[in-house]
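Here is the structure we will look at, set down as structure tokens.
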Amino acid sequence: MEYGFKVTTHGRAMLTACTVLGIQPKLTRAAVGSGKVDETENLADIHQLIQYEDEGTVGERYHEGDHFYLTVQYSNKDRVAGAFSLNEFMVFMEDPATGQETDFLYATLGDYPQGIPGCSDALPIGVWEFPLVIVVSNELKIEVSASPGLVTWDGLARAIAAHDGDPNAHPYIRGLCADLDARLGLMELMYATDVNGNPFTVTFGTLDGLTVTGVWNQAQARLEF
């Protein structure tokens, strides 16, 4: 199951009430849990965490046109109950008519829970952020692009594998390896080859004293044709 969230049915009703009353929605808090929702469950119908763990916070929030951006944050600085797997969170808001708190949205991390260590003097305090985008639209189907740098674990693994397989990636490291290979080859030539005559070697670390044809690849210490 993938990471996902929905404004709950209560949350939609509260947004409608805010529109009718001309009141700005007031988000009150966030909470995190370790429960895992069933894949067949409609996230909009979940009104409490499956397994409550701790309180979170609602961080940065702003809007651009019909896009509402907000970030849910969790810090383990006051965590006393030990480690847990953060697999769900909920944001709450104030009912504009009654002033009472109600659920606004529910989110699940699906098959990619975030391991949270307990607070310990041996470990630095951790802060985890979960950016969300809510779109107000009359379209039946909308598409939202994730913020730059936001990826799933599988997507990150595929990107790293593709990057490492690129022959032009890591030029500095590849240059060091090429230099090491050249030096090792030179040592093998010097000490493992029976030479009868006057031996000499030529490298392309520099072109001093050399007259050559081709393109000099200084990083790889070689000539390319």
Side-chain angles (χ1 to χ4, degrees), residues 1-18 25 27-61 63-64 66-76 79 81-95 100-118 126-163:
M1 184 176 183
E2 294 292 332
Y3 167 98
F5 77 95
K6 278 188 178 181
V7 175
T8 64
T9 54
H10 291 170
R12 292 202 299 263
M14 293 304 100
L15 290 179
T16 301
C18 288
L27 303 182
T28 55
R29 65 185 177 96
V32 299
S34 57
K36 185 173 182 179
V37 66
D38 189 270
E39 292 189 9
T40 61
E41 191 79 21
N42 185 352
L43 301 185
D45 294 329
I46 300 178
H47 304 295
Q48 62 182 7
L49 293 172
I50 298 173
Q51 181 60 54
Y52 173 87
E53 290 289 347
D54 209 347
E55 291 296 296
T57 57
V58 180
E60 182 183 25
R61 67 195 83 171
H63 78 278
E64 293 180 355
D66 58 1
H67 285 51
F68 174 33
Y69 300 86
L70 70 154
T71 301
V72 173
Q73 297 176 327
Y74 175 72
S75 173
N76 66 343
R79 177 73 179 175
F84 72 100
S85 293
L86 195 162
N87 205 27
E88 57 177 343
F89 59 86
M90 181 166 276
V91 177
F92 299 85
M93 70 177 296
E94 182 181 290
D95 186 323
Q100 295 181 339
E101 185 181 75
T102 186
D103 52 278
F104 172 58
L105 65 82
Y106 176 81
T108 175
L109 272 64
D111 296 326
Y112 307 96
Q114 173 65 61
I116 305 293
V127 178
W128 293 264
E129 296 187 341
F130 305 94
L132 307 174
V133 183
I134 300 173
V135 181
V136 179
S137 173
N138 60 358
E139 299 292 336
L140 294 178
K141 181 179 180 180
I142 61 174
E143 295 183 0
V144 179
S145 298
S147 303
L150 184 64
V151 296
T152 65
W153 175 261
D154 290 344
L156 178 62
R158 288 193 297 269
I160 292 175
H163 174 71

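Here the structure is a predicted model, which means the values were calculated and not measured. All residue numbers refer to positions in the sequence shown, counting from 1.
- Without hydrogens or angle criteria, Asn76 side chain to Pro117 main chain gives a donor-acceptor distance under 3.5 Å.
- For the pairing with Leu132, the side-chain contact (heavy atoms from CB on, under 4.5 Å) check across Leu105, Val7, Thr71 returns one residue only, Leu105.
- The number of heavy-atom neighbours closer than 6.0 Å to NE2 of His47, taken from other residues, nucleotides and ligands shown, is above 12.
- A heavy-atom distance below 4.5 Å is not found between the side chains of Thr57 and Arg29.
- For the atom pair CG of Asp103 and OG1 of Thr9, the computed distance is 7.0 Å after rounding to the nearest 0.5 Å.
- At a threshold of 4.5 Å between non-hydrogen side-chain atoms, the residues Pro113 and Leu86 do not count as touching.
- By the 4.5 Å heavy-atom criterion applied to side chains, Asp95 and Met14 are counted as neighbours.
- Heavy atoms only, all atoms of each residue included: Phe84 and Gly33 are closest at CE1-O, 4.4 Å.
- Atoms OG and CD, on Ser75 and Glu129 in that order, are 10.5 Å from each other to the nearest 0.5 Å.
- Atom-to-atom distance recorded for Thr8:OG1 and Tyr106:OH is 12.0 Å, nearest 0.5 angstrom.
- The CD1 atom of Ile50 lies 12.0 Å from the CD atom of Glu53; values are rounded to the nearest 0.5 Å.
- To the nearest 0.5 Å, the span separating CG on Leu49 from CG on Asn87 amounts to 11.0 Å.
- Of all heavy-atom pairs spanning Ala31 and Phe92, the tightest one is CB-CE1, 4.0 Å.
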Assess whether salt bridge (Lys or Arg N to Asp or Glu O under 4.0 Å) is satisfied between Lys6 and Asp45, documenting all intermediate values.
-> CA-CA 9 Å; Lys6 278 188 178 181; Asp45 294 329; over 6 Å; no
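- Between Lys36 and Glu88, none of the side-chain N atoms (NZ, or NE/NH1/NH2) sits under 4.0 Å from a carboxylate O, so this pair counts as no salt bridge.
- For the atom pair CD of Glu101 and OG1 of Thr28, the computed distance is 3.5 Å after rounding to the nearest 0.5 Å.
- Under a cut-off of 6.0 angstrom, the local environment of CD in Gln48 is sparse, with at most 12 non-hydrogen atoms contributed by other residues, nucleotides or ligands.
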Using the ring pair (Phe, Tyr, Trp, His ring centres under 6.0 Å) rule, take Phe89 and Tyr74 through it: C-alpha gap first, then chi angles, then the decisive distance, then the call.
-> CA-CA 10 Å; Phe89 59 86; Tyr74 175 72; over 10 Å; no
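- Contact of the Leu109 side chain with the Phe130 side chain is registered, since non-hydrogen atoms from C-beta on lie closer than 4.5 Å.
- The closest side-chain heavy-atom distance from Val58 to Leu70 is below 4.5 Å.
- Checking each of Met93, Arg12, Met90 against Phe104 for a side-chain contact (heavy atoms from CB on, under 4.5 Å) leaves exactly one that passes, namely Met93.
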Using the side-chain contact (heavy atoms from CB on, under 4.5 Å) rule, take Ile134 and Phe5 through it: C-alpha gap first, then chi angles, then the decisive distance, then the call.
-> CA-CA 10 Å; Ile134 300 173; Phe5 77 95; 3.8 Å; yes
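- No side-chain heavy atom of Gln73 sits less than 4.5 Å from a side-chain heavy atom of Trp128.
- Closest approach of Cys18 and Pro25 over heavy atoms only: SG-CA, 3.8 Å.
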